[in-house]
Amino acid sequence: KAGVTQTPRYLIKTRGQQVTLSCSPISGHRSVSWYQQTPGQGLQFLFEYFSETQRNKGNFPGRFSGRQFSNSRSEMNVSTLELGDSALYLCASSSGGATNEKLFFGSGTQLSVL
Amino acid sequence: AQTVTQSQPEMSVQEAETVTLSCTYDTSESDYYLFWYKQPPSRQMILVIRQEAYKQQNATENRFSVNFQKAAKSFSLKISDSQLGDAAMYFCAYKDTGRRALTFGSGTRLQVQP
């Protein structure tokens with residue numbers, strides 16, 4: 001089985017722009033979660049989608065949004081980029097069943113905001 | 001809110017030796033899950049081991065084992081027979097049984113000396 005695929009791997013944007021990141025989960029997985037990783041704040045949960053519905057949400061401003069398509073692929077969008085949005089964005093997929101289930105992570109998208 | 005603390009920013013171990021990484025957490029819940037994740041330079045988070053709070057027996061996965069002390073809210077990871085490939089960032093993580101979000105610690109960078 002192919003693993004979790006995130007595209008692009010690297011992205012450079014300027015303040016005020018918007019960006020869309022993509023995550024393709026493992027085949028058969030219906031849950032996709034997104035995490036932001038920064039040196040200062042560490043790893044923080046953004047949101048989780050299951051069967052095209054947002055099921056959980058972290059404490060991020062409304063500039064951060066996401067969606068999930070019928071094939072379980074997910075996109076994350078950040079509007080009006082700020083310097084502090086520079087981070088590694090990781091997505092993880094799972095079947096979406098038990099809460100202790102194993103999450104499979106992608107290699108992330110490194111976003112730099114100039 | 002739940003918090004996870006890793007007090008060792010960096011650790012070093014000789015190849016074939018044993019090392020223990022520390023983690024403490026704070027929660028008012030009685031049932032929850034704990035995890036150790038490894039993040040190598042590839043940036044992909046990999047699950048090392050997980051523990052259900054209701055289980056008294058400590059989890060073991062090959063060379064990796066945990067010391068789970070529920071009353072003390074401590075969850076340490078022991079790596080036996082350390083290998084060069086064990087060098088990575090290690091994150092301790094917590095999850096409520098009713099939520100999908102992981103709360104991560106700040107991480108411990110493990111170096112393995114040949």
*Asks:* If I measure from the heavy atoms of chain A, does B/Ser42 come under 4.5 Å with its side chain, its backbone, both, or neither?
*Replies:* backbone
*Asks:* Which bit of B/Tyr32 is near chain A, if near means a heavy-atom gap under 4.5 Å: side chain, backbone, both or neither?
*Replies:* neither
*Asks:* Heavy atoms, side chains only, cut-off 4.5 Å: are A/Tyr35 and A/Phe105 in contact?
*Replies:* yes
*Asks:* Any sub-3.5 Å donor-acceptor pair from B/Gln6's side-chain atoms to B/Gly107's backbone N or O?
*Replies:*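 Indeed, once roles are kept as given, a pair shorter than 3.5 Å links the two residues.
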*Asks:* Between A/Leu103, A/Val4, A/Leu90, which shows the greatest number of heavy-atom pairs under 4.5 Å with chain B?
*Replies:* A/Leu103
*Asks:* Look at A/Ser107, A/Gly42, A/Gly58 and state which one has the largest set of heavy-atom pairs under 4.5 Å with chain B.
*Replies:* A/Ser107
*Asks:* Heavy-atom cut-off 4.5 Å, strictly under: side chain, backbone, both or neither for B/Arg50 against chain A?
*Replies:*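 Just its side chain gets close to chain A.
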*Asks:* Closer than 3.5 angstrom, by distance alone: can the side chain of A/Ser86 be matched with the main-chain N or O of A/Val113 as a donor-acceptor pair?
*Replies:*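 Looks like yes, one N/O pair under 3.5 Å.
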*Asks:* Check A/Leu111 against A/Asp85 and note the closest heavy-atom contact, atom names and distance.
*Replies:*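 Minimum heavy-atom contact is CD2-O, 3.8 Å.
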*Asks:* Side chain, backbone, both or neither: which part of A/Gln41 has a heavy atom under 4.5 Å from chain B?
*Replies:*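 The answer is neither part of A/Gln41.
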*Asks:* For the pair B/Gln69 (side chain) and B/Ser76 (backbone), establish whether a donor and an acceptor sit closer than 3.5 Å, ignoring hydrogens and angles.
*Replies:*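 No; judged by distance alone, with no hydrogens or angles, the pair does not exist.
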